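Just below is one structure, and these are the notes that go with it.
A note on names: the letters A, B, ... follow the listed sequences, proteins ahead of strands, and every chain is numbered from 1. No experiment lies behind these values; they were computed from the predicted model shown.
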There are 2 protein chains.
Amino acid sequence: MDSSPGARLATLLLGAFDAMVAQVVADLEERGHPGVTATLEFALAAIADGAQDASALGRRLGVSKQAAAKTIATLEQLGYVHRESDPKDARRKVLAVTSRGRDMTAIGAARFDELRRRWSDAVGPERVAQVEAALAVLADGERP
Amino acid sequence: MDSSPGARLATLLLGAFDAMVAQVVADLEERGHPGVTATLEFALAAIADGAQDASALGRRLGVSKQAAAKTIATLEQLGYVHRESDPKDARRKVLAVTSRGRDMTAIGAARFDELRRRWSDAVGPERVAQVEAALAVLADGERP
DNA sequence: CTCAGATAGACAACTAGGTTGTCTGATCGT
DNA sequence: ACGATCAGACAACCTAGTTGTCTATCTGAG
């Protein structure tokens, strides 16, 4: 028995996240994107969404720019992003998502959305909205 | 804009988990338990809850017994558990939570429960039950 | 116009938390 | 009584992050 309801809630949150990610990663692997991890998928989505260099990506993901640079190096090796020098700022390397990268993020987003939709079918759409609102409160983590 | 509602849900789940854990870890640090991570707290709770050796702990936490053994080594170094040979089975090293360990799990559980209670006050107790039930469905991850 | 300070990125060393594989020794079931 | 299973130790490795240091470049206030 996991006697603390609070700890049980935390376990549930992590379990739900892990279940979603595991299924998305498995689907990506089946559809021609082996070796993609949740970190890589989220990073690529952030790049596609406007994080155009390593520093910006680090800020967006809440990690150091060095960590972001490592993730970018992996994404580049796997052919998901392309880096080129910014003619307007010699310090920057501007990131561009490749067509293979767009394929990967499209599959990832579609699978995440499908999981959410199936879950919505199971628990009811009104519950989904309630859960998401309640989770936002919890994630906000207002300190005493 | 994080345009995929599914990915946004996953981010929300992880964000809620991280917010809870960060506050519990900060509280543990303030109350005389610096250096305690979420992994250590969850492992110690599982040991206290009956996972009496490394293999059992690994099974309980869903990790390899080698990973569990490393966590136990850290817990032992920090004075949270004590290992001794099982007179009935010479292969086993039986785990026992020390009094300092009991102090740590008590603080951790209290803080997790307090966070859940404050959240319950904010969103309403009936929502909490709905969210937990819905999360259990999601975490179950029924495959297509 | 200059120069101090902020910023982008590269490189290195380190940590946490996990993995797989191999090995020894102890126990259990048929 | 012996083969299969199980507990644990040890090693090598991986991912994803950290901090610190360094250089090059850009920017804004005097």
Side-chain angles (χ1 to χ4, degrees), chain A residues 11 14 17-18 21-22 25 28-29 33-47 50-78 80-96, chain B residues 11 14 17-18 21-22 25 28-29 33-47 50-78 80-96:
Chain A
T11 302
L14 187 58
F17 175 81
D18 280 350
V21 163
V25 168
L28 282 167
E29 171 145 29
H33 296 280
V36 172
T37 63
T39 298
L40 296 174
E41 207 276 335
F42 280 110
L44 190 57
I47 294 167
Q52 288 190 320
D53 58 48
S55 297
L57 181 61
R59 285 190 295 267
R60 176 79 69 100
L61 298 177
V63 301
S64 64
K65 64 181 178 176
Q66 292 86 343
K70 286 191 193 179
T71 303
I72 290 166
T74 305
L75 285 171
E76 194 177 19
Q77 272 189 331
L78 295 174
Y80 291 119
V81 293
H82 173 249
R83 292 193 317 156
E84 62 182 56
S85 301
D86 183 351
K88 302 186 175 182
D89 185 342
R91 295 169 306 177
R92 294 182 76 204
K93 298 289 177 65
V94 181
L95 301 171
Chain B
T11 301
L14 187 57
F17 175 80
D18 280 350
V21 163
V25 168
L28 282 167
E29 172 145 29
H33 296 280
V36 172
T37 64
T39 298
L40 296 173
E41 206 278 334
F42 281 109
L44 190 58
I47 294 166
Q52 289 190 320
D53 59 47
S55 296
L57 181 61
R59 285 190 296 267
R60 177 79 69 100
L61 298 177
V63 301
S64 64
K65 64 180 179 177
Q66 292 86 341
K70 285 191 193 180
T71 303
I72 290 167
T74 305
L75 285 171
E76 195 177 17
Q77 271 190 331
L78 295 175
Y80 291 118
V81 293
H82 173 249
R83 292 192 317 157
E84 62 182 56
S85 302
D86 184 351
K88 303 188 175 180
D89 185 342
R91 296 169 305 175
R92 293 182 76 204
K93 298 288 178 65
V94 182
L95 301 172

* To do: Whole angstrom is fine here: how far is it from CZ in B/Arg59 over to P in D/dC6?
  => 8 Å
* To do: Pick out which of A/Gln52, A/Arg91, A/Arg92 makes a side-chain hydrogen bond (donor to acceptor under 3.5 Å, both in side chains) with A/Asp86.
  => A/Arg92
* Rounding to a whole Å, what distance do you find between B/Leu57:CG and D/dC6:P? -> 18 Å
* To do: Between D/dG8, D/dA24, C/dG25, spot the one nearest the side chain of B/Arg91, thanks.
  => C/dG25
* To do: State whether A/Arg83 places a side-chain N or O below 4.0 Å from either non-bridging phosphate oxygen (OP1 or OP2) of C/dA10.
  => yes
* Expressed in angstrom and rounded to an integer, what is the separation of A/Glu41 atom CD from D/dT15 atom P? -> 18 Å
* Could you check how far CD of B/Glu84 sits from C1' of D/dA7, rounded to whole Å? => 16 Å
* Structure fact -> In whole angstroms, the gap separating C1' of C/dA6 from CG of A/Asp89 amounts to 12 Å
* To do: Spell out yes or no: do the side chain of B/Lys93 and the base of D/dG8 have one donor N/O and one acceptor N/O closer than 3.5 Å?
  => no
* Could you check which of C/dA26, C/dG9, D/dA7 has an atom nearest any side-chain atom of A/Ala54? => C/dG9
* Would you mind reporting whether A/Tyr80 and A/Ile47 have side-chain heavy atoms less than 4.5 Å apart? => no
* What's the spacing between B/Gln66 CD and B/Ser55 OG if we round to 0.5 Å? -> 8.5 Å
* **Whole angstrom value for the distance that separates P of C/dA10 from NZ of A/Lys65** => 10 Å
* Atom-to-atom span, CG of B/Asp53 to P of C/dA26 - whole angstrom -> 16 Å
* Report yes if some heavy atom in the side chain of A/Thr37 is under 4.5 Å from a heavy atom in the side chain of A/Val25; otherwise report no. => no
* Do the non-hydrogen side-chain atoms of B/Leu40 and B/Leu78 ever get within less than 4.5 Å of each other? -> yes
* Measure across B/Val21 and B/Ala38 and return the closest heavy-atom pair with its distance rounded to 0.1 Å. => CG1-CB, 3.5 Å
* Classify every nucleotide of nucleotides 11-18 of chain C by which part a protein heavy atom approaches to under 4.0 Å, writing B for the base, S for the sugar-phosphate alone and - for neither, in 5'-to-3' order. => B-B---SB
* From B/His82 NE2 over to B/Glu76 CD, what is the distance, rounded to the nearest 0.5 angstrom? -> 7.5 Å
